[in-house]
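All remarks here apply to the structure that follows.
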Amino acid sequence: MTIKRTDFPDNFIFGVATSSYQIEGATNEDGRGDSIWDTFCREPGRIQDGTGGDVACDHYHLWPQDLDLIQSLGVDAYRFSVAWPRIQPDGKGPVNQKGLDFYERLVDGMLERGLQPYLTLYHWDLPQTLQDEGGWVNRETAYRFAEYARVVAERLGGRVRSYATLNEPWCSSILSYQIGEHAPGLQDRRAALAAAHHLLLGHGEAVKVMRDIVPGSSLGIVLNLQPAYPASDREEDVAAARFADGTFNRWFLDPIFRGEYPADIWDAYGEDVPTVQDGDFAATSQPIDFLGVNYYSRSVNGATGNVRPSESSYTHMGWEVYPQGLTDLLVRINHDYTVPPVYITENGAAYPDELEGGRVHDAQRVEYFKAHVQATSDAVQQGVNVAGYFAWSLMDNFEWAFGYSRRFGMVYVDYGNQQRILKDSAKWYQTLVTRQDAGV
Ligand SMILES: OC[C@@H]1[C@@H](O)[C@H](O)[C@@H](O)c2nc(CNc3ccccc3)cn21
């Protein structure tokens, strides 16, 4: 099998993705306020290597060369996120014009290079001042988010045609307020479920506001979805997989596409369920123009916990390489829900890359991308309306609780001198997207 660009529709978008906190640095520059990640990184023990996003890839200063790099790959689009604390340092009220100016220059730079901007409004960097008032557990934050969305849309609306409200509300709620591995690092399921609800409410309120400001633009949301497979056909394993699917996938898909929470999981959550007010589901489920799917791996669920199939290979994050899971996931959501066009907004892998003679031979990552681009094509062939694929990530960057110890980039970053070096995977992607018939 040789996956080729021509295996996809002519208007299929290939891109690369990043996020503000992971690449920008300049956390104290031009009026930017603190985010919850600046606070979290200062708390001892939170980040595996004790680092933070103060410098990261210094993209705030190196963005022209980084856009040149993206352009050199031959991709159609660039998925990036706007840092709320650069736009409203206190999360509400006064707007920081220098922050808006930065993103205006960045977007103009994309357009000048023929790159389509795919903007994400929120990729986890909540202004700390809002967290001081409860963060996403506070329903008011949903309304502050819609106000922030208005500010961005009013400034960039003439240039940007695609807006995702949230990146991965599961991570911004469950991982952050229940599991506690991400900022703000709380461990309270009731708080996490309230946060999840207010994130989805904020998504809905922001879409409502943006419909008037940027008519004709494509508005959507990005979910991390993970297909759950039972370890065996034993009833208890099947039940474990259904519960995992419910808490990870359906708890977010259902309020967006069905205007309700899944009854089985609602019952399982008992008294921890969120307070739902009249009109909330009308907001969370209003029509959107695309669904972004971040896919990395699957889960294999047993009654006594997750299973790690011994015959599979695993990435540096310990995630199983399972490309079939992407096809299965896309076919399933296309069958179970009435979905708009789908973008794979993130897909990629971390491996312990070695710089050798100025080269990085990341053969495992090349194979990962080939297999998952093929899996995406398989879903298209099975009738799923997939409109694009964004590789995670353009370049190595701050990998949240893992700091800089995990490299996801197709471009290597030497943090000592901020040099960018194309890995073999970047070269493979370049041949794919520029129709040079990349071989398998
Ligand atoms: O971990 C790799 C990327 C991360 O760098 C992105 O900022 C984020 O959007 C992202 N989401 C996932 C998948 N979801 C996930 C699940 C468990 C823990 C952390 C992320 C992977 N990634």
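Start at 1 and go down the list; that is how both ligands and their atoms are numbered. The figures that follow rest on heavy atoms only: side chains count, while hydrogens, waters and symmetry mates do not. Residue indices begin at 1 and follow the sequence shown.
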Tell me whether [X] has any N or O atom under 3.5 angstrom from an N or O of ligand 1.
| X | value |
| --- | --- |
| Gln22 | yes |
| Glu346 | yes |
| Trp124 | no |
| His123 | yes |
| His182 | no |

Kindly indicate whether the side chain of His197, heavy atoms from C-beta on, has any atom under 4.5 Å from the side chain of Tyr261. yes

Measuring only between side-chain heavy atoms, which start at C-beta, is Arg144 closer than 4.5 Å to Tyr148? no

If you have a sec, work out which protein heavy atom is nearest [atom] and how many Å separate them, to one decimal?
| atom | answer |
| --- | --- |
| atom 18 (C) of ligand 1 | Leu175 CD2, 3.7 Å |
| atom 1 (O) of ligand 1 | Glu399 OE2, 2.7 Å |
| atom 14 (N) of ligand 1 | Glu168 OE1, 3.6 Å |
| atom 3 (C) of ligand 1 | Tyr296 OH, 3.4 Å |
| atom 20 (C) of ligand 1 | Cys171 SG, 3.8 Å |
| atom 16 (C) of ligand 1 | Trp170 CZ3, 4.2 Å |

If you measure from the Lys or Arg side-chain nitrogens to the Asp or Glu carboxylate oxygens, is any gap between [X] and [Y] under 4.0 Å?
| X | Y | answer |
| --- | --- | --- |
| Arg308 | Glu320 | no |
| Glu24 | Arg86 | yes |
| Glu147 | Arg150 | no |
| Lys370 | Glu367 | yes |

Sub-4.0 Å atoms of ligand 1 with respect to non-hydrogen atoms of [X]:
| X | result |
| --- | --- |
| Asn167 | 9 (O) |
| Phe408 | 1 (O), 2 (C) |
| Trp319 | 1 (O), 21 (C) |

Axial cation check for Tyr269 ring with Arg189, 6.0 Å and 45° limits: no

Check whether Tyr322 forms a cation-pi arrangement with Arg298 (NZ or CZ under 6.0 Å from the six-membered ring centre, at most 45° off the ring normal). yes

Describe, in one word, how the ring planes of Trp400 and Tyr21 are oriented to each other, choosing from parallel (under 30°), tilted (30 to 60°) and perpendicular (over 60°). parallel

Return yes if a side-chain donor-acceptor contact under 3.5 Å exists between Thr27 and Tyr60, otherwise no. no

Consider ligand 1: state whether an atom of it lies below 4.0 angstrom from any non-hydrogen atom of Trp400. yes

